[in-house]
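Beneath this line is the structure, given in structure tokens, with notes to follow.
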Number of protein chains: 2
Amino acid sequence: MKVTIKEIAKRSGVSRSTVSRVISNHPNVDEETRQKVKKVMEELNYRPSRLAQGLVKGKINVVGLIIGDIRNPFYSELTRAIEDILNAEGYMVVLCDSDYNPQKEELYLRTAEELGFAGVIMTSAMETKELLQTLQSLSCPVVLLNRYLRAFETDVVSFDNYNGGYIAAEHLIKLGHRRIAILAGPNNSTSSKDRLRGYSDALRDYGLEYKEEEVTYGDLRWATGYEFGLHLLRRQERPTAVFAGNDLMALGIIQAYLDNGLKVPDDLSVVGFDDIPAAYMGAVKLTTVRQPQYEMGVEAAKLMLERIKGIPHAPKRIIFDAKLVIRESTKPII
Amino acid sequence: MKVTIKEIAKRSGVSRSTVSRVISNHPNVDEETRQKVKKVMEELNYRPSRLAQGLVKGKINVVGLIIGDIRNPFYSELTRAIEDILNAEGYMVVLCDSDYNPQKEELYLRTAEELGFAGVIMTSAMETKELLQTLQSLSCPVVLLNRYLRAFETDVVSFDNYNGGYIAAEHLIKLGHRRIAILAGPNNSTSSKDRLRGYSDALRDYGLEYKEEEVTYGDLRWATGYEFGLHLLRRQERPTAVFAGNDLMALGIIQAYLDNGLKVPDDLSVVGFDDIPAAYMGAVKLTTVRQPQYEMGVEAAKLMLERIKGIPHAPKRIIFDAKLVIRESTKPII
DNA sequence: TTGAAAGCGCTAACAG
DNA sequence: CTGTTAGCGCTTTCAA
């Protein structure tokens with residue numbers, strides 16, 4: 001049924017090797033022969049099997065992308081960027097939602113190996129022994145996006161999460177806030193931890209006390225922010241500000257307040273993290289730490305491409321700076 | 001370097017066939033032998049090459065997913081559902097953002113063929129001659145999600161877009177609105193066209209006039225809705241209501257009004273389409289036509305699985321009913 | 001510039 | 001229950 005290289009060879013009166021050469025645009029083919037073969041391929045609507053190519057080459061033009069959850073706009077943007085760059089170079093991207101679950105990541109890495117992926121970009125950020133081990137045994141390049149692994153040296157595109165946390169806290173402090181609640185990201189995520197560390201260092205630098213019991217760890221989803229907002233409303237002593245581990249949760253907190261007749265930033269100042277599109281699409285434009293998602297995705301994809309085709313080189317690290325975008329969700333305390 | 005079936009065979013003192021049998025869990029293997037082989041595989045951390053498996057089987061455990069734009073929450077949800085189901089059955093999903101561009105879709109379909117995908121799920125919805133042709137020549141099953149192609153019979157999961165448009169219009173009409181603006185989806189999308197048709201039929205049924213020049217076609221993005229909202233604000237005679245082709249655009253329109261000091265639904269009633277999470281996450285909870293995104297994705301994935309493994313059967317069609325979710329973005333005209 | 005031959009890692013009859 | 005054999009569709013030396 002399927003037309004193969006053999007068929008093309010027969011019909012154009014040359015050997016399979018020659019056909020293979022025209023497939024891969026090898027220079028050592030007589031122009032006339034090349035045209036003849038191409039014509040036959042056209043007529044028969046021939047498509048070389050990448051599976052077969054992959055088998056002999058040991059690699060396939062596919063790169064895996066591991067992210068936390070595609071429903072988080074932050075990852076959607078990243079994914080889109082990576083896809084744009086990689087597709088343009090003839091690579092496909094295979095998606096994997098890890099749900100921030102190291103086991104899923106590991107399983108996926110294994111599959112990448114089995115399928116002979118050209119590379120894997122990891123955006124999800126957990127750190128376990130098993131994962132590290134799998135990573136070590138991987139035969140394709142890996143680039144880390146917004147995460148780092150002490151025990152695994154590789155190309156990294158990252159963001160200055162520490163400073164991001166710092167300037168977020170600083171902003172709130174300078175606005176006069178003292179009672180600040182924190183809804184951080186998962187505490188097994190390196191980036192979330194860095195943000196929190198920056199945050200607490202800022203408190204210390206400004207002579208404020210950082211209480212471990214003041215921080216709540218969330219799963220980065222909007223609903224979790226909403227729940228947290230509701231929780232704050234039930235408290236006797238409400239904080240005057242809150243620092244959220246990402247925009248989605250920040251937006252959830254704000255909505256909980258609005259839905260209960262309170263005002264933001266009047267009753268609560270909120271600063272988020274990421275600057276997803278939704279941050280400026282709502283009623284209260286969010287003050288947040290901007291991460292250039294698309295650009296970060298682009299850089300990661302480029303690094304991957306370099307690593308796949310290029311000559312070996314020492315691991316590269318690209319770090320994006322944190323920038324606070326001040327909008328309407330924060331205001332000075334009276 | 002890489003450990004292959006040959007190595008395993010040698011080390012465990014059996015033939016490659018036997019190893020192959022334990023890989024695929026074939027019953028005809030002595031339990032003792034099986035354990036012995038498994039142990040060796042374990043020790044050597046052996047991973048069978050799916051590329052090789054795919055080559056001989058002619059198919060690979062991967063299904064392609066073509067969507068409009070992953071940044072649209074509607075597609076994110078769908079994608080997640082499909083991934084969840086397919087991954088659980090050992091299939092990977094490869095993502096393709098078509099940008100609603102038929103050429104991209106076609107190119108992608110070609111790649112699916114070259115890679116020997118087990119199947120392709122198409123959610124993006126353009127209809128061209130070339131695409132149809134490529135579809136016909138495809139050697140793997142295709143399931144269509146929220147689109148149909150007159151000239152291509154296959155499994156379909158769809159939504160009653162026509163009725164969705166109808167009840168949206170009906171709702172507005174019954175609320176007393178007469179001057180209703182329309183920001184429809186792309187007019188080469190079957191689902192968008194159906195919604196519009198339902199809409200216009202409702203007008204007719206209620207004795208209202210449908211003016212072709214009243215409809216604007218948008219690209220389903222938030223920013224486009226926002227622009228449209230601004231545009232409405234500049235008009236002398238403003239409509240009292242607007243029907244948007246999807247929630248993202250509806251939300252954009254609302255925001256344009258809010259940002260300019262107007263109120264929704266007081267100054268404008270808005271009904272959307274999709275019921276994405278953001279529909280109820282904002283200041284004005286959106287009245288919209290609910291499409292059960294996750295469930296639709298699940299059904300599509302199941303259909304795909306059936307088609308891949310199952311015995312051949314006539315094309316199935318699953319149609320989800322339209323349901324209006326009335327929230328706060330619409331109100332009666334005074 | 002071209003072809004013959006070997007092989008990538010695995011599966012699938014067919015014998016035994 | 002197990003091994004032998006023959007490919008799957010393509011690339012890649014090596015000769016010619």
Side-chain angles (χ1 to χ4, degrees), chain A residues 1-38 40-41 44-62 110-118 139-140, chain B residues 1-38 40-41 44-62 110-118 139-140:
Chain A
M1 272 307 73
K2 228 169 159 179
V3 25
T4 74
I5 202 175
K6 206 169 159 188
E7 181 71 14
I8 303 292
K10 187 159 48 164
R11 297 231 191 179
S12 42
V14 297
S15 73
R16 292 178 308 175
S17 334
T18 303
V19 177
S20 174
R21 287 189 191 99
V22 349
I23 289 174
S24 53
N25 267 313
H26 192 97
N28 282 358
V29 181
D30 185 84
E31 194 48 35
E32 202 175 328
T33 316
R34 186 189 302 277
Q35 291 314 328
K36 190 172 54 185
V37 174
K38 277 201 167 175
V40 176
M41 299 201 309
L44 270 60
N45 193 23
Y46 169 70
R47 316 244 104 228
S49 157
R50 291 217 210 168
L51 238 46
Q53 293 178 321
L55 181 57
V56 35
K57 296 237 183 93
K59 280 278 161 270
I60 200 176
N61 281 358
V62 169
R110 289 215 150 79
T111 314
E113 185 77 31
E114 293 175 4
L115 280 166
F117 282 7
S139 64
C140 68
Chain B
M1 273 304 75
K2 227 172 163 179
V3 25
T4 74
I5 203 175
K6 207 168 159 189
E7 181 73 13
I8 303 294
K10 188 160 49 166
R11 299 230 192 181
S12 42
V14 298
S15 72
R16 291 178 307 174
S17 336
T18 302
V19 178
S20 174
R21 287 191 192 97
V22 350
I23 290 175
S24 52
N25 267 314
H26 190 97
N28 284 356
V29 181
D30 184 82
E31 194 49 35
E32 202 176 328
T33 317
R34 186 190 302 277
Q35 291 312 327
K36 189 172 57 183
V37 174
K38 278 202 168 175
V40 177
M41 299 201 308
L44 269 61
N45 193 22
Y46 168 69
R47 315 246 105 228
S49 158
R50 291 217 209 169
L51 239 45
Q53 293 178 321
L55 181 57
V56 40
K57 296 240 183 93
K59 280 279 162 267
I60 200 175
N61 281 357
V62 169
R110 288 215 150 79
T111 314
E113 185 76 32
E114 293 175 4
L115 280 166
F117 282 7
S139 64
C140 69

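Every chain is numbered from 1, with letters handed out A, B, ... down the list of sequences. The basis for the numbers below is simple: all heavy atoms, side chains too, and nothing from hydrogens, waters or symmetry mates.
Applying the side chain to side chain contact (heavy atoms under 4.5 Å, CB included) rule to Glu31(A) yields the partners Arg34(A), Gln35(A); only residues at least two apart in sequence or on another chain are considered. Lys6(A) is linked by a side chain to side chain contact (heavy atoms under 4.5 Å, CB included) to Thr4(A), Arg16(A), counting only residues two or more places apart in sequence or in another chain. Taking Ser17(B) as the reference, Ser15(B), Arg21(B) meet the side chain to side chain contact (heavy atoms under 4.5 Å, CB included) condition, with sequence neighbours excluded. Under the rule for a side chain to side chain donor-acceptor pair (under 3.5 Å), the partners of Ser139(B) that lie at least two apart in sequence or sit in another chain are Glu113(B).
From the 5' end on, the contacts that DNA chain C makes with chain B at under 4.0 Å to a non-hydrogen atom open and close at dG9(C) to dA13(C). Reading DNA chain D from its 5' end, the first and the last nucleotide to sit under 4.0 Å from a heavy atom of chain B are dC1(D) to dG9(D).
When the local axes at the two ends of the helix from dT1(C)-dA16(D) to dG16(C)-dC1(D) are compared, using 5 base pairs at each end, they differ in direction by 30° after rounding to 10°.
The side-chain heavy atoms of Val14(B) and Val19(B), taken from C-beta on, include a pair separated by under 4.5 Å. The closest side-chain heavy-atom distance from Val22(A) to Met41(A) is below 4.5 Å. In this structure, Ile5(B) and Tyr46(B) have side chains that are in contact, with non-hydrogen atoms separated by less than 4.5 Å.
Rounded to the nearest 0.5 Å, atoms OG1 (Thr18(A)) and NZ (Lys36(A)) are 9.0 Å apart. Expressed to the nearest 0.5 Å, how far CD1 of Ile8(B) lies from NZ of Lys38(B) amounts to 13.0 Å.
In the region residues 27-35 of chain A, proximity to DNA chain D at under 4.0 angstrom, judged on heavy atoms, holds for none of the residues. The stretch residues 9-17 of chain B comes close to DNA chain C through Arg16(B), Ser17(B), each having a heavy atom under 4.0 Å from the strand. Listed by residue number, Leu55(B), Val56(B) are the residues of residues 49-61 of chain B with a heavy-atom contact under 4.0 Å to DNA chain D.
When all heavy atoms of Ser12(B) and Val40(B) are compared, the closest pair comes out as CB-CG2, 3.7 Å. Across Cys140(B) and Ala118(B), no two heavy atoms sit closer than the pair CB-O, 3.7 Å.
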Identify each donor-acceptor pair in which a side-chain atom of residues 48-61 of chain A lies under 3.5 Å from a protein atom, sequence neighbours left out, and give them as a table.
| residue | atom | partner | partner atom | Å |
| --- | --- | --- | --- | --- |
| Ser49(A) | OG | Leu51(A) | N | 3.2 |
| Ser49(A) | OG | Ala52(A) | N | 3.0 |
| Arg50(A) | NE | Glu114(B) | OE1 | 2.8 |
| Arg50(A) | NH2 | Glu114(B) | OE1 | 3.3 |

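Of the listed residues (Val37(B), Leu44(B), Val3(B)), just one forms a side chain to side chain contact (heavy atoms under 4.5 Å, CB included) with Arg11(B), and that residue is Leu44(B).
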